[in-house]
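Taking it in order: structure first as structure tokens, then the write-up.
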Amino acid sequence: MHAFRISMTRKTAVGFVYALLASILTITAMFGASPAFAAIEPFPADFKIQNITVNGATLHVRVGGKGPAVVLLHGFADTGDMWAGVAAAVVATLAQLS
């Protein structure tokens, strides 16, 4: 069996240590960080909650305001609660949210 000798220059060793530390810090940040606690702002009082069935799917919606309709959609892993602050501002301009 042949023995292979691995030799590293000082520059390579330092680069390896930096990469290792960066990896450890990244993993710690991804899995060890505590979640952010944000206050949930309520929707304006005149908003109504409705369930609308479309093509066999039931959509949970909040409707409020007057005027032309504006539809706000949240992305994956979010909820419609994220739009509460925006909803209050949009309704103030006389648009209807649905």
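All residue numbers in this chain count up from 1 along the given sequence.
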Shortest non-hydrogen contact from [X] to [Y]?
{"X": "Pro44", "Y": "Ala84", "value": "CD-O, 4.4 Å"}
{"X": "Trp83", "Y": "Phe43", "value": "C-CZ, 4.0 Å"}
{"X": "Phe47", "Y": "Ala87", "value": "CZ-CB, 3.8 Å"}

For this session: Scan for side-chain hydrogen bond (donor to acceptor under 3.5 Å, both in side chains) pairs involving residues 49-60, sequence neighbours excluded, and state none if there are none.
Result: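 Matches after skipping sequence neighbours: Asn51-His60.
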Show me the pairs that pass salt bridge (Lys or Arg N to Asp or Glu O under 4.0 Å) and involve [range], at least two apart or across chains.
{"range": "residues 45-58", "result": "none"}
{"range": "residues 67-76", "result": "none"}
{"range": "residues 16-26", "result": "none"}
{"range": "residues 16-29", "result": "none"}

Exercise. Can you name the residues that form a side-chain hydrogen bond (donor to acceptor under 3.5 Å, both in side chains) with Asp78, not counting sequence neighbours?
Worked result: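 Result, side-chain hydrogen bond (donor to acceptor under 3.5 Å, both in side chains) vs Asp78: none returned.
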Exercise. Among the clusters formed by ILVMFWY side chains lying less than 4.5 Å apart, do Ile52 and Val63 turn up in the same one?
Worked result: yes
For this session: Using side-chain contact (heavy atoms from CB on, under 4.5 Å) as the criterion, list what pairs up with Leu59, not counting sequence neighbours.
Result: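 Leu59 satisfies side-chain contact (heavy atoms from CB on, under 4.5 Å) with Val54, Val61 once adjacent residues are dropped.
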Exercise. How far apart are the C-alpha atoms of Val86 and Glu41, what are their side-chain angles, what is the distance that settles it, and do they pass the side chain to side chain contact (heavy atoms under 4.5 Å, CB included) test?
Worked result: CA-CA 10 Å; Val86 174; Glu41 185 176 340; over 6 Å; no
